[in-house]
Amino acid sequence: MKFFIDTADINEIKELAATGMVDGVTTNPSLAAKSGKKFLDLVREICAIVPGPVSAEVTALDYATMMKEAAVLRKIATNVTIKVPLTPDGLKACKSLSSDGVMVNVTLCFSPAQALLAAKAGASFISPFVGRLDDIGSDGMALIDDICTIYRNYDFKTEVLVASIRHPMHIVEAAKIGAHVSTMPPSTLRQLFNHPLTDKGLKAFMDDWAKTGQSIL
Ligand code: E4P
C-alpha cells in the first residue's frame, strides 16, 4: 500500500518525507487556504520535496475553466496530479486530461456508482472519503470494499486512494481490503509507528544493555 500525506504544511512534508514512508501528497482548497501560501508556489514547493504524485485541485466548477486551471497546474512539475471533483464537469475534465496522459485524482467520492464513473473516465486515482461517511453514521470502509470489488471485476487501472482518514485502523482495514493508497494527516502517519509494547520492550533492552557496560562502537 502506498502512503500519501494529506497536508499543505511544508515543514510536515519535509519531516515526514525524511522517514522514507511518503509516496505522495494530497492537498485540497481547504488545506491550501490553511497554509497561507500562494497556491502555485505551494504546489511547486511540495513537488520539489516529494517525487511521487502531488494532487493539486482545480477550483473552477465548469469544464472549460477546469481545463484552463489544469493547464497551469500541470506545467508546475511532472508529478502534479490534477484533482477534480466528482461532478459531470469534473469527470469530463478527467476524461480529457487522462486521454492526454495527465494523472487525475477524482475527489469527493461517496458511492460505488460514482467510483465506477471515475474509472470509466480514466482516473488515475479515485478518492473515497471514509471519515466523512463514518461521521454521518454511514460505513466508510464498506465503500472501499465495494469499490475494490468493482475495480477488480473489470480490471480497472484506477487506484483506490482512501481519503478522509481519521485513525490508523482506517489504514489497516483498507490494506486488508487491498486498497492501493491511503492518504492521511501527518499525525496519523506518526501514530502508525507507535505501540506501547515497543516502547516498553525497548526500555527493557536498553536497561539490560547498560548493565553490561559495553559499547558496540
Ligand atoms: C483527500 O484528498 C482530502 O484532502 C482529505 O482526505 C479530506 O479529509 P477530511 O475529511 O479530513 O477533510
Side-chain angles (χ1 to χ4, degrees), residues 1-10 12-13 16-17 21-37 39 42-43 45-47 49-50 52-61 66 69-70 73 79-87 90-91 93-94 97 102-111 114-115 117-119 121 123-144 147-148 158-175 177 179-192:
M1 172 179 263
K2 285 176 261 187
F3 284 178
F4 290 1
I5 42 173
D6 195 34
T7 183
D9 182 323
I10 295 292
E12 292 273 41
I13 294 169
L16 289 170
M21 292 294 160
V22 176
D23 302 301
V25 176
T26 51
T27 66
N28 62 39
S30 305
L31 293 170
K34 203 169 137 194
S35 80
K37 296 198 173 211
F39 185 50
L42 175 73
V43 175
E45 255 187 282
I46 300 173
C47 288
I49 302 166
V50 176
V54 173
S55 291
E57 190 161 341
V58 296
T59 53
L61 298 178
M66 278 182 191
E69 291 182 353
L73 294 170
N79 55 330
V80 167
T81 300
I82 305 299
K83 203 172 182 189
V84 298
L86 209 152
T87 60
L91 291 181
C94 174
L97 291 164
V102 179
M103 285 189 294
V104 182
N105 175 0
V106 177
T107 189
L108 291 167
C109 171
F110 294 95
S111 79
Q114 289 180 316
L117 290 174
S124 307
F125 302 102
I126 180 67
S127 290
F129 279 36
V130 291
R132 291 192 195 185
L133 279 170
D134 290 354
D135 290 347
I136 60 158
S138 196
D139 184 352
M141 212 42 69
L143 174 61
I144 302 305
I147 298 173
C148 287
T158 305
E159 295 191 24
V160 179
L161 197 175
V162 183
S164 187
I165 280 174
R166 302 272 191 261
H167 51 72
M169 284 315 290
H170 272 150
I171 298 157
V172 172
E173 291 301 325
I177 293 167
H180 308 82
V181 193
S182 281
T183 189
M184 62 201 82
S187 56
T188 309
L189 177 52
R190 290 199 180 88
Q191 280 181 294
L192 293 180

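Ligands are counted one by one from 1 in listed order, and the atoms in each one are counted from 1 as well. One is the number of the first residue; the rest follow in order along the sequence.
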Around ligand 1, what residues show up once you keep those with a heavy atom under 4.0 Å from it?
D6, T26, N28, K83, F129, R132, A163, S164, R166
If you measure from the Lys or Arg side-chain nitrogens to the Asp or Glu carboxylate oxygens, is any gap between D135 and R166 under 4.0 Å?
yes
Is there a side-chain contact (heavy atoms from CB on, under 4.5 Å) between L108 and R132? Walk through the geometry before answering.
CA-CA 10 Å; L108 291 167; R132 291 192 195 185; 4.1 Å; yes
Results of salt bridge (Lys or Arg N to Asp or Glu O under 4.0 Å) for R190 - residues two or more places apart only
E12, E15
Contacts of type side-chain contact (heavy atoms from CB on, under 4.5 Å), residue E69, not counting sequence neighbours:
V58, T59, A60, T65
Could you tell me whether L61 atom CG has more than 12 heavy atoms of other residues or ligands within 6.0 Å of it?
no
Using the test ring pair (Phe, Tyr, Trp, His ring centres under 6.0 Å), find all partners of F110 that sit at least two apart in sequence or belong to another chain.
F129
